[in-house]
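These numbers come from a predicted model, not from an experiment. Here is how names work: the chains are called A, B, and so on, in the same order as the sequence lines, proteins then strands, and each is numbered from 1.
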There are 2 protein chains.
Amino acid sequence: MYAAHAPETRPATRNAHNTGCSGCAHAATCQAGGYGEATLSGLRDIVERVGLLRDGEYLYRPRTPFRALYAVQSGMAKTVAVDSSGREQVLAFHLPGELFALDAICLGHHDNAVIALGRTQFCRFPFDRLRCLTTTQPDVQWHLMHTMSRQIHQQRLSGGDYPAEERMAAFLTNLSDRRTLLGLRTDHLPLPMSRADIGNHLRLATETVSRLLARFRDARLIRVERQGIEVLNGKGLREIGRHLLQA
Amino acid sequence: MYAAHAPETRPATRNAHNTGCSGCAHAATCQAGGYGEATLSGLRDIVERVGLLRDGEYLYRPRTPFRALYAVQSGMAKTVAVDSSGREQVLAFHLPGELFALDAICLGHHDNAVIALGRTQFCRFPFDRLRCLTTTQPDVQWHLMHTMSRQIHQQRLSGGDYPAEERMAAFLTNLSDRRTLLGLRTDHLPLPMSRADIGNHLRLATETVSRLLARFRDARLIRVERQGIEVLNGKGLREIGRHLLQA
DNA sequence: CGACTCTTTGATCCTGATCAACACCGGTGG
DNA sequence: CCACCGGTGTTGATCAGGATCAAAGAGTCG
């Protein structure tokens, strides 16, 4: 609950006409609106901007009606599910351009929460408009399906039964790879989430996260900072996590 | 490897005109072709039947080009991924009517295998025809998206960090619930997969699977048989796995 | 029947969780 | 400016859930 101190927020939603994708640093690689720039331009017309949200603020909460898909525009966010006993599970961390809330389509409402990690802005794709688009533009439809397929594919990796060290290394390498796709630096990985969040996501105790980072530090693989790490030996890190990667 | 003894098979593919969905016991509840019977009839025209495959035979293997989506028609199947070190991971078990291979859409090829558990028949939906359908029939498109969303949603459950006993109970209850949807008996659950498969899927050693089943037996929750279990107290089972269920 | 595989049960071990204590940082107010 | 304070991160000591090792029982198929 440490990062969820903010009360229910109704963040400002501005129309895209003010802030189109043309000014977005990730427009070219955005999984939500990007890819073929000309062909998918329909998406750019329906996108809205949400935010700015600050650390710990909610984009949406469980039991909220499903109205739109989202992507991070800048910053970072986490998806958190809460089970019947109140235990939280960090399902994913989202980087700019990565589409989420796809799981809510079949339910009609969100059954998990999305919370900003640090100052974060979002792109919002109203679903009714999206449905109109997909019926008229087959490539938008195809693109969405592609994205959903990718998500089904990716999730399978996180289920595996691998030692803690390998899961940790794979997690960091995966983050690095996703940043590469976005054209961001990979010698330094910001980790705006808490150690508890990382541990929860990887099924590890926070103490174990600390210890593993310390172990990687002692092996000269990384330099540990409070809100991130500096990658000294990405190859070595990838080697440790290789079994979990690229499937 | 015990259940993968069969050599590469080229199972007979018959056209649907011979064996339409009208004769299928699961037509009404089939997640692939069913739901609205009249509206989605387009799917019925493109479906082909594959099989009969026997225990351990492959429907497809990794690195096979992606040409179609599949569903189980009768019997049961498992999806198995193999990582770079050769270790296998059982990603899912498939019951009749459940669509799979959705993860291959984004890759263009299958990166895991589907293997029959006992005598099993499959429905095959050629993807090029499916794409044609979705462009002309919005409800087919919507249906597919719905199914993919559901799969994204479901998978998140299997990632959680819960004690072995809860995972096992949740697994059995989940199987039971899925059978309920299909209108099948739930007082007896066939388990045509090996204990090793179950354990792999749940991140448990086969010995632990055995011990947990024995524990449930001693608690009068189930009666253990070789290829399945008899459910004596489904409520009790659900109670143990409640944290993992229904999210 | 006999060879083989799968399952069950028991004994021991080990990875990572839990418990505990301390260090660090950021903010607040004296 | 520094003392204080609460939240977060690190490190050490102990514990336990489930893995692994080992061996015997139960189907299955020749």
Side-chain angles (χ1 to χ4, degrees), chain A residues 1-6 54-56 78 87-90 115 117-119 160-171 190-219 222-229 240 243, chain B residues 1-6 54-56 78 87-90 115 117-119 160-171 190-219 222-229 240 243:
Chain A
M1 285 297 149
Y2 43 83
H5 49 70
R54 277 170 304 195
D55 189 68
K78 60 174 176 180
R87 265 161 43 92
E88 300 190 354
Q89 190 186 342
V90 175
I115 302 175
L117 298 166
R119 297 172 151 260
D161 174 31
Y162 294 90
E165 189 180 54
E166 297 185 22
R167 295 213 296 280
M168 190 68 190
F171 169 71
L191 297 175
M193 70 293 275
S194 67
R195 300 288 191 263
D197 282 337
I198 298 174
N200 184 311
H201 180 58
L202 298 174
R203 303 192 303 266
L204 299 173
T206 67
E207 294 93 329
T208 306
V209 173
S210 245
R211 274 185 255 270
L212 288 171
L213 290 177
R215 191 185 301 179
F216 292 159
R217 163 173 51 71
D218 295 345
I222 61 173
R223 175 185 310 282
V224 179
E225 297 159 16
R226 191 158 193 69
Q227 297 266 6
I229 62 169
I240 295 174
H243 296 142
Chain B
M1 289 298 149
Y2 43 85
H5 50 69
R54 277 169 305 194
D55 189 67
K78 61 175 176 179
R87 264 159 44 90
E88 300 190 355
Q89 189 187 342
V90 175
I115 303 174
L117 297 167
R119 298 174 152 258
D161 174 31
Y162 295 89
E165 190 181 52
E166 296 185 23
R167 295 211 297 279
M168 189 69 193
F171 169 71
L191 297 174
M193 70 293 274
S194 67
R195 301 289 192 262
D197 281 338
I198 298 173
N200 183 312
H201 180 58
L202 299 174
R203 302 192 302 266
L204 299 173
T206 68
E207 294 93 329
T208 306
V209 174
S210 244
R211 274 186 257 270
L212 288 171
L213 290 177
R215 190 185 302 178
F216 292 159
R217 163 173 49 73
D218 296 345
I222 62 174
R223 175 184 310 281
V224 180
E225 296 160 14
R226 185 151 202 72
Q227 298 266 4
I229 62 169
I240 295 174
H243 297 142

List the residues meeting side chain to side chain contact (heavy atoms under 4.5 Å, CB included) with [X], not counting sequence neighbours, and say none if there are none.
X: B:P192; answer: B:M76, B:L117, B:P190, B:Q227
X: B:E165; answer: B:L212, B:R215, B:F216, B:I240
X: A:R211; answer: A:E207

So for atom CZ, which belongs to B:R217, do other residues, nucleotides or ligands contribute more than 12 heavy atoms lying within a distance under 6.0 Å? yes
Once base and sugar-phosphate atoms are separated, protein heavy atoms under 4.0 Å mark nucleotides 25-30 of chain D, 5' to 3', with B, S and - as --S---
Please report the distance, rounded to the nearest Å, between [atom1] in [X] and [atom2] in [N].
X: B:I229; N: C:dT8; atom1: CD1; atom2: P; answer: 12 Å
X: A:M193; N: D:dG9; atom1: CE; atom2: P; answer: 11 Å
X: A:D197; N: D:dG9; atom1: CG; atom2: C1'; answer: 13 Å
X: B:L202; N: D:dG17; atom1: CG; atom2: P; answer: 19 Å
X: A:R195; N: C:dA23; atom1: CZ; atom2: P; answer: 19 Å
X: B:I198; N: C:dT8; atom1: CD1; atom2: C1'; answer: 14 Å
X: A:F216; N: D:dT11; atom1: CZ; atom2: P; answer: 14 Å
X: B:D55; N: C:dT5; atom1: CG; atom2: P; answer: 15 Å

N/O-N/O pairs, protein side and nucleotides 18-20 of chain D side, under 3.5 Å:
from, atom 1, to, atom 2, distance (Å)
D:dG18, OP1, B:A164, N, 2.5
D:dA19, OP1, B:R203, O, 3.2
D:dA19, OP1, B:A205, N, 3.2
D:dA19, OP2, B:A205, N, 3.3
D:dA19, OP2, B:T208, OG1, 2.3
D:dT20, O4, B:R211, NH2, 3.0

Not counting sequence neighbours, which residues clear salt bridge (charged side-chain N to carboxylate O under 4.0 Å, His left out) with A:R119? List them please. none
Can you list the residues that meet the salt bridge (charged side-chain N to carboxylate O under 4.0 Å, His left out) rule with A:R87, with sequence neighbours excluded? none
Does the side-chain contact (heavy atoms from CB on, under 4.5 Å) test come out yes or no for B:I229 and B:L191, once each step is laid out? CA-CA 7 Å; B:I229 62 169; B:L191 297 174; 4.0 Å; yes
So how far is it from A:M168 CE to A:I198 CD1, rounded to the nearest 0.5 Å? 5.0 Å
Ignoring hydrogens, what is the shortest heavy-atom contact between B:T208 and B:A164? Give both atom names and the distance. CG2-CB, 4.4 Å
To check you understand the geometry: which heavy-atom pair defines the closest contact between B:E225 and B:R195, and what is its length? O-NH2, 3.3 Å
Given side chains that start at C-beta, do those of B:K78 and B:M193 come closer than 4.5 Å, heavy atoms only? no
For DNA chain C, stems built from three or more consecutive Watson-Crick or G-U wobble pairs below 3.5 Å: C:1-30 with D:1-30
